[in-house]
Structure formats: C-alpha cells, structure tokens
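Step one of this worksheet: look at the structure below.
Along the sequence shown, the residues carry numbers beginning at 1. Computed over heavy atoms, backbone and side chain alike; hydrogens, waters and symmetry mates excluded.
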Amino acid sequence: RGMEDSLRSRGCQNTAAADVSRAEFIRHNTSVMAPPLVPEIKLHLAHEAVPLWQKTEEELGEMGLAPPFWAFAWAGGQALARYVLDHSSTVENLRVLDLATGSGMVAIAAVRAGSASIVATDIDEFATTAAGMNADLNQVSLDIKLESWTMRQKIWIEKLSKWQDC
C-alpha cells in the first residue's frame, strides 16, 4: 500500500494528490543541503533518520515501513556521484540506469557529466518524488520510474547469459 491507497481510504480519488502530498511532506521535513563530497549538487535531505521515519509511518498510517533512504546522501552514493563527476568519460554519451535512485544524487551527477540519457528507478514513491524534486532543484531532467527491477531479474539474467555466449 502506498500513499495513494492511504488517500483513497480518506476519500481522495485523485492520485495526483498523492504526488502533491508527498512533495509537501518532503519540503516540510527536509532542508536543501549539499552533500560534503558533491557540494555542487543540492538535495532535499533530512537531518536525522528516526524522526523522519516515524513521521513517514504516521503520514501513511502504517508501521514497519522501510527507512527513508531517499532522505540521506549515503557515503557510497556520494562517492559514486563524485567519481562520475570527476570521470565524466565513464558516462558521457551513454545511456545510464540508476537502480534504487533514492534522492537521485547519482542520476543528477550522471546528467551533469554528459550522459546521453538516464533512467532513475526506485520502488519507493517518496524516493521517486524526492528524485524529481532534486532534479528540479538542480535544473536537470531525469526520466524517473517507480519500478521494481528485482521482478525483472530473471529476464536480465537470461539476457546477460546470452551476451556472455557471444
């Protein structure tokens, strides 16, 4: 169940309202900050995980939700974004797929480094909303999809095994 279900249970039929509600929630519970390793990128980030996690559960009326990974510039993501920015040839003129985009930080870095196109995916509706907001904040365009690639894992494994046979 996502925010759309939560809104529908309160009588809302317009799922676009869920996007607005998520964006309002993100704006209200985060600050625009620059991660230490990529100060040229600005993101809507939380100061602390637990209070935001609790607010997310309260907003959705659900317990046991995953942590708000989208609200933090994790060290690994910062390192990858820094690498992409400093070594633009790794993505320049290439199509990039950012799995579990979270805040969209690495996807934003790939756009700035000259990727031909980027698809940023996540299974969390708050993450896809935050990634879109962060793309706007950084004046870049991302193709953002709410997608679970684990469901497609078997297909990709089959494709990759065929490529290895060539």
With a 3.5 Å cut-off and sequence neighbours excluded, list the donor-acceptor pairs that the side chains of residues 105-112 form with protein atoms.
| from | atom 1 | to | atom 2 | distance (Å) |
| --- | --- | --- | --- | --- |
| Arg112 | NH1 | Glu40 | O | 2.5 |
| Arg112 | NH2 | Asn138 | O | 3.4 |
| Arg112 | NH2 | Asn138 | OD1 | 3.3 |

Those residues at least two apart in sequence (or on a different chain) that pass side chain to side chain contact (heavy atoms under 4.5 Å, CB included) with Leu137 are Val32, Lys42, His44, Asn134
Here the gap from Asp124 atom CG to Ser148 atom OG, rounded to the nearest 0.5 Å, amounts to 12.0 Å
For Ala46 and Met33, the nearest pair of non-hydrogen atoms, with its separation, is O-CE, 4.0 Å
In this structure, CZ of Phe69 is separated from CG of Asp122 (nearest 0.5 Å) by 10.0 Å
To the nearest 0.5 Å, atom CD1 of Ile26 lies from atom CG of Leu45 at 11.0 Å
OG1 (Thr30) and CZ (Phe72) are apart, to the nearest 0.5 Å, by 10.0 Å
TODO: Verify the cluster assignment for Val91 and Ile41: are they in a single hydrophobic cluster under the rule of side-chain heavy atoms below 4.5 Å apart?
DONE: yes
Tightest non-hydrogen contact, residues Glu147 and Ile123, listed as O-CG2, 3.3 Å
message: I'd like to know if Leu43 and Phe126 are part of one continuous hydrophobic network [Ile/Leu/Val/Met/Phe/Trp/Tyr, side-chain heavy atoms within less than 4.5 Å].
response: no
Between Leu37 and Ala79, the two heavy atoms sitting closest are CD1-N, 4.1 Å
Quick check: do Tyr83 and Thr90 have side-chain heavy atoms less than 4.5 Å from each other? yes
Shortest non-hydrogen pair, Ser115 vs Val96, comes out as CB-CG2, 3.7 Å
Looking only at heavy atoms, the pair that brings Ser103 and Trp70 closest together is CB-O, 3.3 Å
With Val119 as partner, the option from Thr101, Asp98, Asp143 fulfilling side chain to side chain contact (heavy atoms under 4.5 Å, CB included) is Asp143
- Heavy-atom check, side chain of Val140 versus side chain of Ile118, under 4.5 Å: no
